[in-house]
Number of protein chains: 2
Amino acid sequence: MKDVAARAGVGLKTVSRVVNGEPGVTPETERRVQEAIDALGFRRNDSARVLRKGRTASIGLVLEDLADPFYGPLSRAVEEVARAHGALLINGSSAEDPDREQELALALCARRVDGLVVIPAGDDHRYLEPEIKAGVATVFVDRPAGRIDADVVLSDNFGGARDGVAHLIAHGHRRIGFIGDMPRIHTAAERLRGYRAAMEDAGIPVEDSWMSLGVTDPQRVRRAAEEMLTGPDPVTAIFAGNNRVTVTVVRVLAEQSRRVAFVGFDDIELADLLQPGVTVVAQDAAALGRTAAERLFRQLDGDLITPERIELPTRLITRGSGELPPTD
Amino acid sequence: MKDVAARAGVGLKTVSRVVNGEPGVTPETERRVQEAIDALGFRRNDSARVLRKGRTASIGLVLEDLADPFYGPLSRAVEEVARAHGALLINGSSAEDPDREQELALALCARRVDGLVVIPAGDDHRYLEPEIKAGVATVFVDRPAGRIDADVVLSDNFGGARDGVAHLIAHGHRRIGFIGDMPRIHTAAERLRGYRAAMEDAGIPVEDSWMSLGVTDPQRVRRAAEEMLTGPDPVTAIFAGNNRVTVTVVRVLAEQSRRVAFVGFDDIELADLLQPGVTVVAQDAAALGRTAAERLFRQLDGDLITPERIELPTRLITRGSGELPPTD
DNA sequence: CTGAAAGCGCTTACAG
DNA sequence: CTGAAAGCGCTTACAG
């Protein structure tokens with residue numbers, strides 16, 4: 001910038017004005033400055049700008065896994081809101097590792113993002129307290145923050161799961177299995193709670209062997225499903241705790257000779273084309289992201305004071321698999 | 001930092017040393033500095049650091065749409081490589097809009113990312129020349145750069161499509177339709193070229209009505225598929241140019257009374273569970289991302305001189321739909 | 001082992 | 001309409 005000013009024979013401030021399109025420069029001066037910029041290949045350094053201005057016009061997104069189809073639309077929605085506010089998105093995956101989540105979130109804060117949207121992997125976020133105090137806007141999505149008071153946007157995981165299981169019960173099932181993610185993950189715990197509530201509402205005692213929580217890799221889920229289907233008291237229906245579980249359970253069920261009813265949490269692509277079509281409890285990933293990001297920018301605008309918990313409804317989509325009668 | 005130094009009764013440099021874990025500080029001094037840091041809630045400002053150091057330890061990723069399942073694994077792979085090199089990922093979607101791609105890429109450069117991985121939407125990237133000259137490492141993925149000489153990592157789109165179509169021909173088809181993305185998109189053009197080559201190799205003259213290129217929204221694709229299936233010379237097989245086209249065509253085919261053979265470019269989830277299973281030409285999205293990112297860091301290490309074009313092979317996965325015989 | 005000075009590339013507040 | 005000075009929060013190069 002100094003070079004540009006020298007070459008154009010003007011002061012630093014004038015170059016700054018031209019670069020930022022501020023008023024108060026004669027066309028002739030502007031032309032000279034522009035010429036010098038082009039000749040020297042000048043590119044404004046936003047790091048310096050940030051240092052001086054305070055705000056960086058960037059927000060951070062810490063999510064679980066960019067490769068999971070559930071997070072694509074969520075993260076795209078956050079991006080669109082950021083874009084509308086002139087901000088860039090810096091993001092990273094925690095891979096469900098609390099340490100990695102913390103490392104990432106703090107690295108983003110050190111880059112002085114204006115705000116942070118976090119899909120938490122851990123359950124203790126006190127490490128963010130100094131950042132929040134220092135003015136970093138923060139919103140949690142999909143899962144609540146742990147041990148700090150913060151904005152959070154969630155799906156109605158409990159209600160959605162309860163409705164899905166109640167749907168199976170309404171179709172005559174009593175022996176219903178639940179396969180979900182690790183219980184320390186909030187969504188997994190809530191959905192299990194929904195399952196239990198629906199069973200209890202119907203007066204059905206739940207056998208331990210009907211519930212299986214753990215990592216959602218295909219091997220573990222496959223074994224869990226097969227055990228439920230072949231035990232002494234085999235289930236006639238399975239409720240899956242998320243999209244990763246669903247794709248594996250649907251595969252296992254396709255191999256069975258008898259028809260087993262199925263409802264999954266999260267919609268999946270092509271669910272309507274399978275035979276039978278896959279009945280799901282759908283959540284709106286884009287709406288989660290959008291709501292969280294809008295909330296973040298409202299924080300940045302100084303609109304809000306008290307952290308809130310916003311819960312978005314889920315939707316039961318019947319396609320066939322959840323309406324199969326029990327076969328025992 | 002100044003406050004910390006004052007409170008600890010040391011020089012600025014000593015604080016800097018403690019913060020960065022550099023050697024040459026007595027344990028006692030370090031303790032005093034650490035205490036001041038905690039008391040004051042000091043957080044290092046990486047913007048200032050960047051300004052001084054040159055490198056920002058962040059790379060930019062410009063992709064088409066974060067919500068497209070093809071880009072999730074690609075972008076996750078880029079992230080993992082970045083992480084291994086201690087860099088953060090800043091990204092954004094171009095939404096297939098060349099202006100938006102340019103705006104995003106230049107915004108990332110203004111933030112002084114060390115490098116840029118670009119999935120181009122436009123076909124003229126001369127706007128990046130000054131940045132590249134200024135030292136921003138750049139790699140294009142999935143589609144080549146336009147009008148500049150740069151590293152590019154691609155799938156073998158031509159060969160993959162040719163093999164897929166040849167597979168249909170080998171199963172007795174002659175009237176084969178092609179439905180693809182807009183022809184200005186490199187991958188779409190290459191795959192069409194592969195289709196034409198396979199047909200020509202087999203001595204089959206191609207009717208214009210068998211080819212349909214355009215946006216990949218469900219309405220357009222559905223109409224295109226229906227026209228090919230009901231015209232005077234209806235096709236007995238369809239080749240789909242990408243995953244978005246595949247999901248719609250598979251839906252249309254499920255509604256048909258006669259069996260129409262199908263092969264799609266890009267693998268899709270649950271393709272094996274449909275009836276018939278969906279035969280696809282699969283590309284390795286994660287490998288594309290990984291290869292590109294590794295190439296980027298090699299550029300940053302100063303390893304490379306000449307831009308290269310790296311082409312990754314595709315893989316034909318037969319599952320049933322592509323092996324159906326013609327029914328006419 | 002420790003620190004004072006200069007400077008990274010901008011913007012802010014002010015004066016002309 | 002224009003510019004010189006100070007400063008954002010760090011690091012670098014050097015001296016003690």
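It should be emphasised that the depicted structure is a prediction, and the values quoted were computed from it without experimental measurement. Order of the sequence lines fixes the chain letters, A, B, ..., with proteins taken first and strands second; residue numbering starts at 1 for each chain.
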Please report the distance, rounded to the nearest Å, between [atom1] in [X] and [atom2] in [N].
X: Leu12(B); N: dT12(D); atom1: CG; atom2: P; result: 14 Å
X: Asp46(B); N: dC10(D); atom1: CG; atom2: P; result: 9 Å
X: Leu51(A); N: dA6(D); atom1: CG; atom2: C1'; result: 13 Å
X: Arg112(A); N: dG9(D); atom1: CZ; atom2: P; result: 9 Å
X: Ile37(A); N: dG9(C); atom1: CD1; atom2: P; result: 15 Å
X: Lys53(A); N: dA13(C); atom1: NZ; atom2: C1'; result: 14 Å
X: Lys2(A); N: dG9(C); atom1: NZ; atom2: C1'; result: 9 Å
X: Glu22(B); N: dT2(C); atom1: CD; atom2: P; result: 13 Å

4.5 Å side-chain heavy-atom contact, [X] and [Y]:
X: Asn242(B); Y: Phe70(B); value: no
X: Asp151(A); Y: Arg309(A); value: no
X: Tyr127(A); Y: Glu103(A); value: no
X: Arg44(B); Y: Asn20(B); value: yes

Could you please name the option among [options] that lies closest to any side-chain atom of [X]?
X: Asn45(B); options: dT2(D), dC1(C), dG9(D); value: dG9(D)
X: Met1(A); options: dT11(C), dC8(C), dT2(D); value: dT11(C)
X: Lys13(A); options: dT12(C), dT2(C), dT11(D); value: dT12(C)
X: Ala48(A); options: dC10(C), dC1(D), dC8(D); value: dC10(C)

Hey, is the side chain of [X] poking within less than 4.0 Å of OP1 or OP2 on [N], counting only N and O atoms?
X: Thr29(A); N: dT2(D); answer: yes
X: Asn20(A); N: dT11(C); answer: yes
X: Ser16(B); N: dT11(D); answer: yes
X: Thr26(B); N: dC1(C); answer: no

Nucleotide opposite dA4(D) in a Watson-Crick or G-U pair, distances under 3.5 Å
none
Across all strands shown, which nucleotide pairs with dA13(D) by Watson-Crick or G-U wobble geometry, both distances under 3.5 Å?
none
Does Arg17(A) get its side chain close enough to the base of dG3(D), under 3.5 Å, for a donor-acceptor pair?
yes
When you measure only distances, ignoring hydrogens and angles, does the side chain of Arg52(A) come within 3.5 Å of the base of dG9(D) through a donor and an acceptor?
no
In terms of side-chain geometry, is the basic nitrogen of Arg100(B) or Glu80(A) positioned less than 4.0 Å from the acidic oxygen of its partner?
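Yes, charged N to carboxylate O under 4.0 Å.
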Got a salt bridge between Arg43(A) and Glu131(B), using NZ or NE/NH1/NH2 to carboxylate O under 4.0 Å?
yes
Between Val25(B) and Val19(A), which is nearer to the 5' end of DNA chain C once each is assigned its nearest nucleotide?
Val25(B)
Any base atoms under 4.0 Å from Val10(B), or only sugar-phosphate, or nothing? Heavy atoms, all strands.
sugar-phosphate
